[in-house]
Amino acid sequence: MDDIGDIDGTGDIDEPDGIDDIDGDEEPVEGEEFDLDLLEEELRRAAAILDPVPPGLRQIAVEAFALHDLDAEIAELTFDSVVDALPVRGAEDAPRMLTFHAGGLTVDVELGAHGLMGQVLPPQTASVEVLSGPRAGSPLSTDAMGRFTYDESPSGPFALRLRTDGGTLVTDWLTV
């Protein structure tokens, strides 16, 4: 019985037309250059169609990039009324209370349907940004008592970035 590729019966396996030498011993045909940039673009288009990046993953990546302040100190969530507080009987739509700590700084936040209010302790002036998605909210400033307000209630995951004289502080990301 002949081998599958042994068409002429000589015992040699013949390569079908159009298949190049896999070992790379054969020189490329003059005038034909392989364009790696074109190949990369074709592969990107194929991947976008056959295996697109899920929108949720893209959103997470954008939000992670929003924390590009490598020198920022991360403020740890130490109190969340949803987890740590006892529910009050008859209270409907009670605001969510959050407390973050980092170093000697505390940030208290009240989150409700009206938006969010917060205070930096010890009281000091600071620039505050509400991070939610690819863009930061409009910059806020604290008053002399360290208080700030944001009229929109964040939707989805959010974090706060505070810039004080002592440096930059970013809170943990939370879901409303």
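These numbers were taken from a predicted model, which means no experiment stands behind them.
- Listed here is the closest heavy atom pair of Gly112 and Ser153: O-OG, 3.2 Å.
- The side chain to side chain donor-acceptor pair (under 3.5 Å) check on Asp108 picks up Thr99, with sequence neighbours excluded.
- Under a 4.5 Å side-chain heavy-atom cut-off, the cluster of Ile, Leu, Val, Met, Phe, Trp and Tyr residues that includes Met145 has no other member.
- The other residues sharing a hydrophobic cluster with Met97 are Phe79, where clustering joins ILVMFWY side chains under 4.5 Å apart.
- A pairwise comparison of heavy atoms in Thr142 and Thr125 identifies OG1-CA, 3.0 Å as the closest pair.
- Contacts of Arg96 classified as side chain to side chain donor-acceptor pair (under 3.5 Å), with partners at least two apart in sequence or in another chain: Asp80.
- Looking at heavy atoms from C-beta onward, Pro154 lies out of side-chain contact with Leu174 at the 4.5 angstrom threshold.
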* To do: Give the C-alpha distance, both sets of side-chain angles, the deciding distance and a yes or no for salt bridge (charged side-chain N to carboxylate O under 4.0 Å, His left out) between Arg45 and Glu42.
  => CA-CA 5 Å; Arg45 279 191 258 171; Glu42 290 294 322; 3.1 Å; yes

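- Between Leu77 and Thr171 there is no side-chain heavy-atom pair separated by less than 4.5 Å.
- When all heavy atoms of Ser132 and Phe158 are compared, the closest pair comes out as CB-CB, 4.2 Å.
- A heavy-atom distance below 4.5 Å is found between the side chains of Leu169 and Val107.
- Between Ala144 and Pro123, the shortest heavy-atom contact is O-CB, 3.9 Å.
- Legend: residues meeting side chain to side chain donor-acceptor pair (under 3.5 Å) with Asp143, ordered by chain and number and at least two apart, are Arg147.
- Between Tyr150 and the options Val109, Val130, Val128, a side chain to side chain contact (heavy atoms under 4.5 Å, CB included) holds for only Val130.
- Tracing side-chain contacts under 4.5 Å through hydrophobic residues (I, L, V, M, F, W, Y), one never reaches Leu43 starting from Ile49; they form parts of separate clusters.
- From Phe100, atom CZ reaches atom CG of Leu162 across 10.0 Å, with rounding to the nearest 0.5 Å.
- In this structure, the side chain to side chain contact (heavy atoms under 4.5 Å, CB included) partners of Pro122, at least two apart in sequence or on a different chain, are Leu105, Gln124.
- We find the CG-OG1 distance between Leu140 and Thr149 to be 7.0 Å, quoted to the nearest 0.5 Å.
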